[in-house]
Amino acid sequence: MPELAEAEFFRKRWHQAALHSPKILRVHTHDEKKLFRTAPASILSAALIHSDYTTSSAAAKQILFRFQRAKNATAPAIDAWLGIHLGMTGELSVFAPTHDPRKHDHLVLYTDAHALVFSDPRMFGRVQFHLGPTGPIWWTQIAPALLSTAFSAEVIAAFLKRRARAPIKAVLLMQERFPGIGNWMADEVLWRAAIHPAQPAGTLRPAEVKKLWSECRNVARLALNTIAGRGDDIPSDLNIAIPDTWLFNHRWKKGGLCPRTRKKLARAEIGGRTTCWSPARQKLHA
DNA sequence: AGACATGTTGCTCA
DNA sequence: ATGAGCAACATGTC
């Protein structure tokens with residue numbers, strides 16, 4: 001589920017609840033080593049209990065929550081950073097403080113008002129942890145956001161040149177340059193830019209590179225506004241009304257039609273992932 | 001039953 | 001050394 005905008009949606013969901021009631025009273029974990037990579041769940045729990053949620057941010061497909069505790073007579077100050085990657089099926093939700101952990105609830109933070117739940121059936125996600133006044137190194141290593149000035153048309157052009165022989169679809173999925181783009185966003189971008197997903201990245205014309213770059217930004221902005229809401233306005237759930245003018249609503253439908261050409265959509269595996277495109281407007285060229 | 005899933009990683013081969 | 005392709009991971013749903 002989670003690409004760029006979904007990560008922001010889930011961040012806001014926890015943020016809203018945690019801001020209302022920031023003190024962590026109790027922590028439940030499934031100590032899955034696959035999930036808890038940078039620190040065992042026990043270390044993380046010990047630091048978070050009696051700490052207060054303070055801030056958070058989302059970048060690419062990841063979310064970072066900060067928890068702090070002031071020094072007192074018996075314990076030192078705590079500055080803890082909880083990083084969450086939602087993988088393929090990860091989800092953050094909020095329940096009543098009486099919530100009983102379910103089978104795939106790997107991390108639950110209890111406050112007096114809520115249970116903040118991280119669940120992930122397939123366990124492709126990650127829970128990372130860092131202690132200290134400065135943020136974790138792995139957070140700073142995330143590539144410049146699609147909506148930042150560092151994500152420039154020139155940088156993209158150079159990257160495509162380096163990945164010249166790979167299908168453009170595969171290149172769009174590379175987090176080192178397109179942070180937060182996943183399978184549906186990549187298809188949406190290519191469809192809007194009228195570029196065939198199998199087109200080798202090095203063969204895009206200059207105008208196509210420019211278009212690809214601007215559509216990355218458009219899709220990122222539209223997805224954030226639609227899926228994650230604006231400001232503190234959080235949609236009630238992820239089944240947001242995404243307009244039928246997007247490819248998104250048609251890409252998985254059997255016999256789906258391109259919302260622009262009304263012609264049939266095509267589907268095939270490109271770059272290792274199922275890809276949907278509109279042959280009527282996305283054509284391969286030399 | 002079998003195919004498939006909005007993601008990453010670690011391995012092979014060129 | 002660098003880039004491209006693919007299996008593997010673990011579980012649920014159609």
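Per chain, numbering begins at 1; letters A, B, ... match sequence-line order.
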So, is [X] close to the [N] phosphate, meaning a side-chain N or O under 4.0 Å from OP1 or OP2?
X	N	value
His104(A)	dG12(C)	yes
Thr89(A)	dG12(C)	no
Gln175(A)	dT8(B)	yes
His85(A)	dT8(B)	yes
Arg273(A)	dA5(B)	no
Lys34(A)	dA10(C)	no
Lys61(A)	dT8(B)	yes

Taking atom [atom2] of [N] as reference, at what distance in whole Å does atom [atom1] of [X] sit?
X	N	atom1	atom2	value
Arg37(A)	dG10(B)	CZ	P	8 Å
Leu4(A)	dG7(B)	CG	P	12 Å
Met88(A)	dT13(C)	CE	P	15 Å
Arg122(A)	dT9(B)	CZ	C1'	14 Å
His106(A)	dC9(C)	NE2	C1'	13 Å
Leu173(A)	dG5(C)	CG	P	13 Å
Arg126(A)	dT9(B)	CZ	P	5 Å
Trp184(A)	dG7(B)	CH2	P	11 Å

Output yes when [X] and [Y] qualify as a salt bridge under the 4.0 Å nitrogen-oxygen rule, no when they do not.
X	Y	result
Arg11(A)	Glu8(A)	yes
Lys23(A)	Asp112(A)	no
Asp52(A)	Arg69(A)	no
Arg230(A)	Asp233(A)	no

Tell me whether Phe124(A) and dT8(B) count as stacked here, given that the ring centres must be under 5.5 Å apart and the planes must differ by less than 30 degrees.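 No, aromatic ring not over the base.
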
How far does the P atom of dT8(B) sit from the matching atom of dT13(C), given to the nearest Å?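 So the two P atoms sit 22 Å from each other.
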
When the C1' atoms of dC9(C) and dA1(B) are compared, how many Å lie between them, rounded to an integer?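 The answer is 22 Å between these two C1' atoms.
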
Reckon Lys254(A) touches a base, only the sugar-phosphate, or nothing at all at heavy-atom distances under 4.0 Å? nothing

Write down the partner of dG3(C) under the Watson-Crick or G-U wobble criteria, each distance required to be under 3.5 Å.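 Pair assignment: dG3(C) / dC13(B).
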
Please tell me if the side chains of Arg273(A) and Leu173(A) come closer than 4.5 Å, counting only heavy atoms from C-beta onward. yes

Give the ring-plane orientation class for Phe178(A) versus Phe151(A), where under 30° counts as parallel, over 60° as perpendicular and anything between as tilted. perpendicular

In terms of the angle between their ring planes, are Phe118(A) and His106(A) parallel, tilted or perpendicular, with boundaries placed at 30° and 60°? tilted

Note: contacts of residues 154-171 of chain A with DNA chain B (heavy atom, under 4.0 Å) are none

Intermediate values then yes/no, side-chain hydrogen bond (donor to acceptor under 3.5 Å, both in side chains), Asp244(A) and His250(A): CA-CA 8 Å; Asp244(A) 281 343; His250(A) 310 269; 4.6 Å; no

Report the nucleotide, chosen from dG12(C), dG7(B), dA10(C), that has the shortest atom-to-atom distance to any side-chain atom of Asn183(A). dG7(B)

